[in-house]
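Scope of the values below: all heavy atoms of this structure, side chains included, with no hydrogens, waters or symmetry mates.
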Number of protein chains: 2
Amino acid sequence: MKQITKNIIKNSLKRIFLYRACLVRLKLMGVEKVFSYTLANETGVTSDQVRKDFSEFCIKGNKRGGYNINDLLEKMEKLFHRNKDNNIVLIGMGNMGLALSKYSKFVQRHMNIVATFDIDPFKQKMRSGIPVYSMSRLKEIIDRFSVKVAIVAVPEISAQEVTDELIRHGISGIVNFAPVLLKVSPDVIINNVNLCDELESVIYYVHKQIKVNGLKNLELLYRDMKY
Amino acid sequence: MKQITKNIIKNSLKRIFLYRACLVRLKLMGVEKVFSYTLANETGVTSDQVRKDFSEFCIKGNKRGGYNINDLLEKMEKLFHRNKDNNIVLIGMGNMGLALSKYSKFVQRHMNIVATFDIDPFKQKMRSGIPVYSMSRLKEIIDRFSVKVAIVAVPEISAQEVTDELIRHGISGIVNFAPVLLKVSPDVIINNVNLCDELESVIYYVHKQIKVNGLKNLELLYRDMKY
DNA sequence: GAATTGATGTGAAACAAATCACAAAAAACA
DNA sequence: TGTTTTTTGTGATTTGTTTCACATCAATTC
């Protein structure tokens with residue numbers, strides 16, 4: 001049964017990513033152990049929250065001894081399946097698709113875009129070291145590389161159709177850059193990234209702040225914020 | 001006082017954007033009025049939530065009569081300051097910056113990237129109809145176009161420096177694509193978009209689901225989701 | 001024009017997330 | 001070895017968000 005499926009990414013998971021980025025930095029600096037308040041300071045949360053988040057993801061430290069950075073990173077790698085490579089396909093080689101296909105951070109994090117697809121034959125040539133195929137070869141590639149996750153960067157008009165095809169061929173998670181709510185069965189993981197909304201949100205809060213600052217009352221602004 | 005400033009975008013605001021997108025679609029189809037449950041169905045939430053969200057943003061309908069789409073859209077335009085154009089600057093014309101500078105949806109929503117900036121002289125030519133300047137002209141452009149909001153798409157190594165400069169020149173809201181937590185004073189609005197994290201989140205949930213499905217117990221998965 | 005119907009709007013209730021507070025454990029030191 | 005110190009881990013509490021339930025209003029019907 002197809003239905004609108006909401007983003008399900010929890011804030012606690014996003015914070016775990018922050019902690020990890022911080023740990024990687026600290027490790028590069030030669031640091032070997034951290035305390036919850038170290039991570040808290042670096043990421044702008046409280047030490048309580050760091051520990052609660054760790055607890056949620058079953059990450060344990062040492063009483064009084066804090067956390068060993070290597071242990072912590074290893075635990076997280078396992079948690080995020082970074083010990084094995086994750087093969088991704090990318091659909092739509094327009095401006096955004098092209099940029100994403102060239103984004104080097106994915107590879108650094110063991111997320112490999114193994115192939116990209118576009119209906120436009122003129123785009124079906126390599127422009128970023130990754131082959132661009134026609135949609136007819138989608139199933140073949142998904143099967144060959146055991147792909148489970150896809151990035152959708154097609155125009156909104158074709159996003160649903162492309163999504164249906166992806167799911168039919170075994171994809172079960174999608175990062176969707178098209179500004180539409182995809183209708184899928186509830187067992188498919190969808191994460192929508194809407195660039196306009198992200199920008200417009202900032203504009204909204206900036207205008208609000210200007211208005212509130214005019215009233216010399218920052219409390220009012222903060223009251224209406226999330227954190 | 002500089003500090004790590006968290007994303008403050010509320011879920012209720014994001015839902016308002018969903019409702020609006022839906023309203024625009026319905027209007028194009030010639031529909032003139034909607035009920036809370038219409039919007040709810042289209043966006044995958046409950047009608048209660050639609051009404052509560054409207055209430056939060058002081059949007060009123062007509063008892064029994066539902067909502068007039070034109071009124072609703074007009075109210076939202078005002079709420080989001082779309083009656084006047086919003087001028088944006090974009091810093092960093094790498095792959096992502098270039099893609100963003102070509103993203104036509106921004107203009108459709110009255111968000112105009114009036115200029116882009118890059119330190120690399122080779123990138124300082126027009127590649128997308130928008131001029132690419134050197135950073136030395138930042139203040140001049142910000143002042144001339146009364147820019148309040150910027151997009152940061154520079155490498156993470158220079159993101160903080162660029163941010164400091166932007167704020168010094170009067171920017172008070174930033175959409176940040178660099179995978180670093182920017183340190184700014186609390187009156188600056190920051191919205192981080194971390195592409196790796198977005199993708200990795202999906203991978204995490206997909207793997208989790210596979211594990212849970214193996215146990216033939218979807219409940220476990222849903223319990224851990226945000227909704 | 002009274003009764004009925006169907007939608008909004010909003011307090012109250014239920015649920016979820018973040019913060020607080022402190023017991024428990026381990027290291028340091030006397 | 002016993003005491004103190006420091007930090008984790010987690011129940012208890014608070015705060016925030018979503019859902020529920022229903023009073024309220026306006027259109028429609030009789």
- Figure out the CG/P separation between B:D53 and D:dG16, and round it to whole Å. 17 Å

- Message: Looking at C:dG9, I'd like to know if its phosphate oxygens (OP1 or OP2) sit under 4.0 Å from a side-chain N or O belonging to B:S55.
- Response: no

- Inspect the contact between B:D71 and B:K33 and indicate whether a charged nitrogen and a carboxylate oxygen are less than 4.0 angstrom apart. no

- Item | Set of side chain to side chain donor-acceptor pair (under 3.5 Å) partners for B:K27, sequence neighbours left out | B:N70

- Message: Could you tell me how far apart A:I59 (CD1) and D:dT7 (C1') are, to the nearest whole angstrom?
- Response: 17 Å

- Comparing A:N62 with A:S12, nearest DNA chain C nucleotide closer to 5' gives the residue A:S12

- Query: Considering only heavy atoms, which members of residues 13-22 of chain B lie under 4.0 Å from some atom of DNA chain D?
  - Reply: B:R15

- Task: On DNA chain C, check which nucleotide each of B:D48 and B:Y37 is closest to and give me the residue with the more 5' one.
- Result: B:Y37

- Message: Below 30° counts as parallel, above 60° as perpendicular, anything between as tilted: where do the rings of A:Y37 and A:F35 land?
- Response: parallel

- Task: Measure from NZ on B:K10 to P on C:dA18 and round the result to the nearest Å.
- Result: 14 Å

- Message: How many whole angstroms separate atom CG of B:L72 from atom P of C:dT8?
- Response: 11 Å

- Item | Whole-Å gap separating C1' (C:dA18) and CZ (A:R51) | 13 Å

- Message: With a 4.0 Å limit, can you tell me whether B:S36 has a side-chain N or O closer than that to the phosphate oxygens OP1/OP2 of C:dT8?
- Response: yes

- Message: If the cut-off is 4.0 Å, is B:K33 near the phosphate of C:dT8, judged by side-chain N/O to OP1 or OP2?
- Response: no

- Please state how far atom CZ in A:F54 lies from atom C1' in D:dT10, giving the value in whole angstrom units. 16 Å

- Rounded off to whole Å, could you give me the CZ-to-P distance for the A:F57 and D:dG9 pair? 15 Å

- Task: Please confirm whether any donor atom in the side chain of B:R64 sits under 3.5 Å from an acceptor in the base of D:dT28, or the reverse.
- Result: no

- Query: Does one side chain, of B:Q49 or B:D53, offer a donor that lies under 3.5 Å from an acceptor on the other?
  - Reply: no

Show me the side-chain donor-acceptor pairs of residues 172-179 of chain A shorter than 3.5 Å, one per line, residues at least two apart or across chains.
{"from": "A:N176", "atom 1": "OD1", "to": "A:A178", "atom 2": "N", "distance (Å)": "2.9"}
{"from": "A:N176", "atom 1": "ND2", "to": "A:A178", "atom 2": "O", "distance (Å)": "3.0"}
{"from": "A:N176", "atom 1": "ND2", "to": "A:V180", "atom 2": "O", "distance (Å)": "3.1"}
{"from": "A:N176", "atom 1": "ND2", "to": "A:N192", "atom 2": "OD1", "distance (Å)": "2.9"}

- Presence of B:Q49 side-chain N/O under 4.0 Å of D:dT17 phosphate oxygens OP1/OP2: no

- Which atom of A:M96 lies closest to which atom of B:M96, heavy atoms considered: SD-SD, 3.9 Å

- What is the nucleic acid contact for A:G65, judged by heavy atoms within less than 4.0 Å: base, sugar-phosphate only, or nothing? nothing

- Note on the structure: From NZ of A:K63 across to P of D:dT8 the rounded distance in Å is 10 Å

- Is any side-chain heavy atom of A:F17 closer than 4.5 Å to a side-chain heavy atom of B:S201? yes

- Quiz item: B:K52 side-chain donor-acceptor pair to C:dG11 base, under 3.5 Å: yes

